[in-house]
Protein chains: 2
Amino acid sequence: MTPARTPTPTAAPRGRRAARSSGDERESAILATAERLLHERAFADISIDDLARGAGISRPTFYFYFPSKDAVLLTLLDRVTEEAEAACGDVLVRLAEDPPARWRELITRFHETFGGHRAVVLACAQVRGTNAEVRRLWATVMERWVQAIETAIEAERRRGAAPAGLPARDLAIALNSMNERVWYATFAGDGPAVAERDVVDVLLDVWLTAIYRTTPPPPA
Amino acid sequence: MTPARTPTPTAAPRGRRAARSSGDERESAILATAERLLHERAFADISIDDLARGAGISRPTFYFYFPSKDAVLLTLLDRVTEEAEAACGDVLVRLAEDPPARWRELITRFHETFGGHRAVVLACAQVRGTNAEVRRLWATVMERWVQAIETAIEAERRRGAAPAGLPARDLAIALNSMNERVWYATFAGDGPAVAERDVVDVLLDVWLTAIYRTTPPPPA
DNA sequence: GGTCCAATCGACACAGTGTCGATCCGGTGT
DNA sequence: ACACCGGATCGACACTGTGTCGATTGGACC
């Protein structure tokens, strides 16, 4: 199951369908239907028939645009991670300006991007268990973030702002993992969760103490 | 879907099947088959027919013992969490003796229990997205742990060992979430992960700095 | 006005789930 | 010794959803 085949073989940006014709609107319609339906029910409870009907086509025609239901989600995820990537931009390279403020900015940006597409993100977290492609894309994206954080931590250590400690990569993995799981609980409202308006403060506090091993004024 | 109906209505310990007769062995056989198959492939790739055949019965007969595939996993999860609960025992009440050592003990015990049943734990993490009952059980269990940690943090603060800071509950949620996600990655070998032999050290370090806001000697 | 091909769908094959009714069989009461 | 009861078992069915194949449409381009 590749993300999506390219019915009209006219340049395939990001491996998805491309090009003109009414078929393009159809693809958008499928994606829009998926994101809309995800607000009402779980991904597993959405059938290909639902997506097809929502886009005004029959089920077999759906397969002309996407090889599977999962491929639709994969496309959606791709967009969200791109948006997150863009939202963070150069925050990390400006870290030294004012570390706490920059870290907060970073976490806030992520929070807003994920929160704005919570339906998609939650769905991905759910099928990551069953779908190898989603798992791979997610892993790839996370690896990029981990490396970015790892690099930033090392830079802070080099310039003497942060003390030595855990291997930077391990610390980066732990902190990223924490964020992912905490956001999941908060957005899904499933199990013990931090309130949405507090979650950035909580995450930031753990990040700062873990990285700088110092005591910033308690945010509460 | 309740965990399992009770075919022979003769006391239902933990809501599962009870009592004598060859039917009891059958139920065990199903559970054993499930845990065995989980070592080879994902839960979603195991059919009820696989479980039934593995236990030497037909598919309809499976339904005599469990109302669904998920119920089997639910029973398995139940056992693991009970084991974890038992393994931790009274570690937290003995915290004041030697906090770093006790926290390490706690995390190590969890690590060993989960690691010993990683197939079951990973499967649960995967279906948690699609199955409401697993989600609920998981949430319940995690809530218990969060409360235990929250209480411990508050005790440490009261006796002056830990400084004030984030609401203890939020901190407990964040740390528990981190552990869960980090262990998942480590055991699943999926995406960025901490090496299995380092994971306790890494988690412990973040816990200690987040709770005590002090600098213990870096473990590496 | 004919050709081509993207786009479309009806109909099929398949896999898995859950249910119903019939049957088997070991223990129990008389 | 025998009829009976209910736990245990399974064959066969209905249903849902997926993915594929072959045939049809209709607009663009020669």
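Chain A is the first sequence line, chain B the second, and so forth, proteins listed ahead of strands; every chain is numbered from 1.
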Checking contacts here: which listed nucleotide (dC9(C), dT18(D), dA7(C)) is nearest the side-chain heavy atoms of Y65(A)? dA7(C)

Roughly, in whole Å, what's the span from CD in E25(A) to P in dT8(C)? 10 Å

Just wondering, more than 12 heavy atoms not from R79(B) lying within 6.0 Å of its CZ? no

Take the protein atom CG of D70(A) and the nucleotide atom P of dT18(D), then report the distance between them rounded to whole Å. 10 Å

Is it the case that D78(A) and T75(A) place a side-chain donor and acceptor less than 3.5 Å from each other? no

Quick one: F62(A) CZ to dC9(C) P, roughly how many Å, whole number? 14 Å

To the nearest angstrom, how far is K69(B) atom NZ from dA15(C) atom P? 16 Å

How long is the line joining CZ of F64(B) and P of dG21(C), in whole Å? 17 Å

Would one find a side-chain N or O of R26(A) under 4.0 angstrom from OP1 or OP2 of dT8(C)? yes

Does a side-chain N or O of T61(B) approach OP1 or OP2 of dT9(D) to a distance below 4.0 Å, or not? no

H111(A) ring center near F187(A) ring center (under 6.0 Å): yes

In numerical order, the residues of residues 33-54 of chain B whose heavy atoms come under 4.0 Å of DNA chain C are S47(B), I48(B)

Pairs satisfying ring pair (Phe, Tyr, Trp, His ring centres under 6.0 Å), at least one member in residues 127-150 of chain A, at least two apart: F110(A)-W145(A)

If you round to the nearest 0.5 Å, how far is OG1 of T108(B) from CG of L204(B)? 7.5 Å

Is it the case that the base of dG19(D) and the side chain of R59(A) share a donor-acceptor contact (distance under 3.5 Å, atom types as modelled)? yes

Are there more than 12 heavy atoms of other residues, nucleotides or ligands under 6.0 Å from atom CZ of R94(A)? yes

Closest to the side chain of P60(B), out of dT8(C), dC20(C), dC9(C), is dC20(C)

Does R197(A) have more than 12 heavy atoms from other residues, nucleotides or ligands lying within 6.0 Å of its CZ? no

The side chain of Y63(A) lies closest to which of these nucleotides: dT9(D), dG18(C), dT18(D)? dT18(D)

CZ of F66(A) versus P of dA7(C): gap in Å, rounded? 13 Å

Measure from CD1 on I30(A) to P on dA7(C) and round the result to the nearest Å. 12 Å

Distance, rounded to the nearest Å, where I57(B) contributes CD1 and dG11(D) contributes C1': 15 Å

